[in-house]
2 protein chains.
Amino acid sequence: MPRAWVINFGNELLIGRIVNTNGAWLAEQLTLLGFDVRRIIVAPDDEEAVEVLREALSKADVIVCTGGLGPTYDDRTAEFLAKAVGRRLVENGEALEMVRRKYEERGLPLTPERRKMALLPEGSKPIPNPVGTAPGIMLEVDGRLAACLPGVPAEMKEMFERYVKPVLRERAPNVCIYEASIVVEGVPESTLAPVIKEVARSCPPPCYVKSHPKGHEVRAPVLDIRVMGSARNCEEAEAKVREGARRLREEAVRHGGRVLEERVYRLGD
Amino acid sequence: MPRAWVINFGNELLIGRIVNTNGAWLAEQLTLLGFDVRRIIVAPDDEEAVEVLREALSKADVIVCTGGLGPTYDDRTAEFLAKAVGRRLVENGEALEMVRRKYEERGLPLTPERRKMALLPEGSKPIPNPVGTAPGIMLEVDGRLAACLPGVPAEMKEMFERYVKPVLRERAPNVCIYEASIVVEGVPESTLAPVIKEVARSCPPPCYVKSHPKGHEVRAPVLDIRVMGSARNCEEAEAKVREGARRLREEAVRHGGRVLEERVYRLGD
């Protein structure tokens, strides 16, 4: 499976004012496309961003970043990306035209701060922003792809859906993902741990088995155990997940658990 | 300012099923204590966690991590932390006693999966878990502190408040943090960008000036500009922030903006 890293720039995220919903949204999109998301990193908008981007591009096939594309002094993502890949920051004609048109509509001139939004790493393709003003950045380096989008969720989502997803689809294994959820009452997670491990072993990645404790481990244990599996073939993915679910259910019941709910469903669009 | 990294382990975060509210909550707590939070990283619960922890401990004064402390096969945070700092994983007597007592209350034996929760890197202090079962880990290495807490928010918060915060207070600069919020209508962010930059320059870290676009940059611009400043002395922090706010308000009005709201307040507990 190709690997993806998500990087979210922003001081407001680092001081905990804003919860990183962008990160989770992108991670889900990438997972559903068939990527193995290995990191979601909130990073500061200063020089340290360069090393974060460099590491990401050395370890991931695709990186998606958000934030730092606007007109203010601390919007420096394009600069950091250029440094990370060793390219110059240049005025991109296509991006400048996108920005110019936005302000022209309101009779506003192209000030240096507005022009700045068209400075992209050499070789980038600007991503149109149908919702806001700052264009995004699409850059391919040594077969790896970086897509940078604004931090405003409405802009980020629209741009991802329209312009990034179609490009990522070509790099994704085009898998079908199934999941089973078995909610069990009355058995501590520690009691089922050996079974969970065994089922996980018999269902290697891209198949995950995870238990999410909902109640209290000792006093009132409730566990939501999920089996997620993917395959190019939907029947195969579903069968794999159903088999894992069946074994977990049987073991849970054997240990005195009561199955409150069991569902098997296909993930994604 | 001492630096802090937050690391959240968990596959359910990486596939975007769960939004990382733990990360934001911890980042806010650390900021209010006077730490400079430099990263919030969602990382996988496999060998890559070792390098993430190693890097964190080489760059941050304090790291707080969540997740991976339970009884299942993929709860491996103690093991990764031990590897990251080059220590052995040993059964901690105090931790074992905590775990034993929890299960004994319900007449449950100490199985290997339950015992596993008492395996900590050599030299760790277990953090009591008043809400759930798995103890946390507190480990000091070369003057740097790592605190690992469970991923269940109720357990994480209670343990942080009771046992981690008091320790961190001794390592924090004990600052007073003020913030101003000025909500301005009618001026594009790009127009105010030069002023924002100037105010930011005249108020160096730990003072931050950030503008958050709320409306549409060109069609209906609404900006929430924040000035956050800290100092050991509360009067000084407040004065610094008020001065920044005053200048931003004046410039916004000079550029035809309408101030919808202006507030100055102290952050934290």
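As the structure is a prediction and not an experimental result, all values here were calculated from the model. Residue numbers start from 1 in every chain, and the chains themselves are labelled A, B, ... in the order their sequence lines are given, proteins ahead of strands.
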Heavy-atom contact with chain B under 4.5 Å, split by part of A:P112: neither

Residues A:D46, B:R38: salt bridge by 4.0 Å N-O rule: yes

Check ion pair B:R247-B:E251 (N to O, under 4.0 angstrom): no

Under 4.5 Å from a heavy atom of chain B, the part of A:D45 involved: side chain

Closest-packed option against chain B by number of heavy-atom pairs under 4.5 Å, given A:V19, A:I41, A:T72, A:I15: A:I15

B:E79 with B:R76: basic N within carboxylate O range, under 4.0 Å: yes

Interatomic distance, A:L223 atom CG to A:T191 atom OG1 [nearest 0.5 angstrom]: 9.0 Å

Top contributor to chain A contacts, counting heavy-atom pairs under 4.5 Å, from B:H216, B:R201, B:E105, B:K210: B:K210

Nearest-0.5 Å distance that lies between atom OG1 in B:T77 and atom CZ in B:F80: 7.0 Å

Atom pair CD/NZ of A:E161 and A:K157 - distance to nearest 0.5 Å: 9.5 Å

Contact class of A:T21 relative to chain B, heavy atoms under 4.5 angstrom: both

Most chain B-contacting option - heavy-atom pairs closer than 4.5 Å, from A:K102, A:R114, A:M117: A:R114

Leading residue by heavy atom contact count with chain B [cutoff under 4.5 Å; candidates A:Y103, A:F35, A:W5]: A:Y103

Note, A:S211 side chain near A:R226 side chain (heavy atom, < 4.5 Å): no

Greatest number of heavy atom pairs closer than 4.5 Å to chain B - which of A:E48, A:K197, A:E28: A:E48

Which of B:I40, B:V37, B:T31, B:N11 touches chain A most, by non-hydrogen pairs under 4.5 Å: B:I40

Lys/Arg-Asp/Glu bridge criterion (N-O < 4.0 Å) met for B:E104, B:R101: no

Partner chain B: residue of A:N20, A:D36, A:T111, A:D74 with the largest heavy-atom pair count (under 4.5 Å): A:D74

Option that, when pairs with chain A are counted at under 4.5 Å, heavy atom only, ranks first among B:T133, B:L26, B:L13, B:D75: B:T133

Which portion of B:E51 sits near chain A, non-hydrogen atoms under 4.5 angstrom: side chain

Structural part of A:K116 lying under 4.5 Å from a heavy atom of chain B: neither

Atom group of A:I7 that falls short of 4.5 Å from chain B, counting heavy atoms: neither

B:F160 and its side chain to side chain contact (heavy atoms under 4.5 Å, CB included) partner, picked from B:T66, B:L149, B:N22: B:L149

Part of A:V131 lying under 4.5 Å from any heavy atom of chain B: backbone

Toward chain B, the part of A:E179 with a non-hydrogen atom under 4.5 Å: side chain

Nearest-0.5 Å distance that lies between atom CG in B:D224 and atom NE2 in B:H212: 6.0 Å

